[in-house]
Amino acid sequence: QVRLVESGGRLVQPGDSLRLSCSVYGRSNDNYAVGWFRQAPGQAREFVAAMTWSPDKTYYADNLKDRFAIGGDNVNGMAYLRIDFITPEDTAIYYCAVATGGRLTTGYLAEEYDSWGQGTQVTVSS
């Protein structure tokens, strides 16, 4: 059974950069896709970014693509999300998700993913 552990969330100031990490345990192979979602207080969970390795493709929410970057190493079970020029509106719990099988139809639908982490809290405040 796949288990995901996010890390890297913390209190940061507006304008800072931050990198979140996701460790993927228990996978049976290296063929999976990874997505990042976030949920701000009182709001629905929203898609941030996703990636597949075969084919090598990334997906981004249109309103976030200029400041967010997804990356990772599928062989070593790691995924990352970098946030630049962070703003208070980025305050949220950030979740990592995996789609076993490695394929995504849209990347932004939560139902495409079959494993989720517990999330890591990012708080932006001056």
Side-chain angles (χ1 to χ4, degrees):
Q1 184 172 352
V2 174
R3 183 171 67 93
L4 308 177
V5 179
E6 302 95 335
S7 60
R10 59 183 175 90
L11 175 63
V12 294
Q13 294 186 338
D16 284 353
S17 294
L18 184 67
R19 190 174 87 158
L20 306 179
S21 298
C22 174
S23 299
V24 183
Y25 301 103
R27 66 194 190 282
S28 59
N29 55 58
D30 300 328
N31 187 28
Y32 56 93
V34 175
W36 285 93
F37 291 73
R38 69 182 185 180
Q39 187 166 18
Q43 298 188 25
R45 189 174 298 187
E46 68 169 335
F47 169 73
V48 176
M51 68 179 300
T52 60
W53 281 277
S54 182
D56 184 7
K57 187 174 181 180
T58 56
Y59 307 71
Y60 290 97
D62 286 341
N63 61 322
L64 301 176
K65 60 185 178 182
D66 292 337
R67 298 188 298 112
F68 286 69
I70 189 171
D73 179 346
N74 62 318
V75 173
N76 290 308
M78 293 296 299
Y80 309 100
L81 181 71
R82 179 180 173 89
I83 313 170
D84 291 321
F85 305 108
I86 205 164
T87 74
E89 289 69 36
D90 294 321
T91 294
I93 300 173
Y94 285 73
Y95 297 91
C96 171
V98 156
T100 55
R103 299 285 179 165
L104 295 174
T105 302
T106 69
Y108 59 79
L109 293 175
E111 50 263 40
E112 293 185 68
Y113 302 88
D114 41 49
S115 296
W116 292 79
Q118 294 300 305
T120 186
Q121 175 71 51
V122 174
T123 303
V124 185
S125 176
S126 56

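Remember, it's a predicted structure, so these values are computed and weren't measured experimentally. Just so you know, these numbers use all the heavy atoms, side chains as well, and skip hydrogens, waters and symmetry mates. Quick note: residue numbers are just sequence positions, from 1.
Between Trp116 and Phe37, the gap from one ring centroid to the other is short of 6.0 Å.
For the pair Leu104/Lys57, no side-chain contact is recorded, criterion being any heavy-atom separation below 4.5 Å from C-beta on. Between Ile93 and Glu6 there is no side-chain heavy-atom pair separated by less than 4.5 Å. Within the 4.5 Å cutoff, no side-chain heavy atoms of Val5 are placed close to those of Gln118. Counting heavy atoms from C-beta on, the side chains of Phe47 and Glu112 never come closer than 4.5 Å. In this structure, the side chains of Val124 and Thr87 stay at 4.5 Å or more apart for every pair of heavy atoms. Counting heavy atoms from C-beta outward, Ile83 and Tyr94 have side chains that approach closer than 4.5 Å. At a threshold of 4.5 Å between non-hydrogen side-chain atoms, the residues Tyr60 and Asp66 do not count as touching. Side chains of Asp84 and Ser17 form a contact here, defined as non-hydrogen atoms less than 4.5 Å apart.
Considering every non-hydrogen atom in both Leu81 and Ala49, the closest pair reads CD1-CB, 4.2 Å. Closest of all the heavy-atom pairs between Arg103 and Pro55 is NH1-CD, 3.5 Å. Pairing each heavy atom of Gly107 with each of Ala50, the nearest pair is O-CB, 4.1 Å. When every heavy atom of Val24 is checked against every heavy atom of Arg27, the shortest pair comes out as O-NH1, 3.2 Å. Smallest separation of non-hydrogen atoms from Phe68 and Asp90: CZ-OD1, 3.7 Å.
Here the SG atom belonging to Cys96 is positioned 10.0 Å from the CG atom belonging to Leu20, to the nearest 0.5 angstrom. Rounded to the nearest 0.5 Å, atoms OG1 (Thr100) and CD (Gln1) are 11.0 Å apart. In this structure, the separation between CD on Gln121 and OG1 on Thr91 is 7.5 Å, given to the nearest 0.5 Å. Note: Cys22 SG to Met78 CE = 7.5 Å, rounded to the nearest 0.5 Å.
Put simply, Tyr80 and Val98 are part of two different groups of oily side chains (I, L, V, M, F, W, Y) that touch within less than 4.5 Å, one to the next. Under the 4.5 Å side-chain contact rule for hydrophobic residues, Val12 and Leu64 share a cluster. Linking Ile, Leu, Val, Met, Phe, Trp and Tyr residues whenever their side-chain heavy atoms come within less than 4.5 Å places Val2 and Trp53 in a single cluster. Following chains of ILVMFWY side-chain contacts shorter than 4.5 Å, one can reach Leu4 starting from Val34, so the two form part of one hydrophobic cluster. Both Leu18 and Trp36 belong to a common hydrophobic cluster when Ile, Leu, Val, Met, Phe, Trp and Tyr are linked at side-chain heavy-atom distances under 4.5 angstrom.
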Check against side chain to side chain contact (heavy atoms under 4.5 Å, CB included), Thr52 and Tyr59: CA-CA 9 Å; Thr52 60; Tyr59 307 71; 4.3 Å; yes
Worked check of side chain to side chain contact (heavy atoms under 4.5 Å, CB included) between Gln13 and Ile86: CA-CA 8 Å; Gln13 294 186 338; Ile86 205 164; over 6 Å; no
Worked verdict on Val122 versus Arg38 for side chain to side chain contact (heavy atoms under 4.5 Å, CB included): CA-CA 10 Å; Val122 174; Arg38 69 182 185 180; over 6 Å; no
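At least one donor-acceptor pair closer than 3.5 Å links the side chain of Arg67 to the backbone N or O of Phe85.
Annotation: Tyr108, atom OH; neighbour count of heavy atoms from other residues, nucleotides and ligands within 6.0 Å does not exceed 12.
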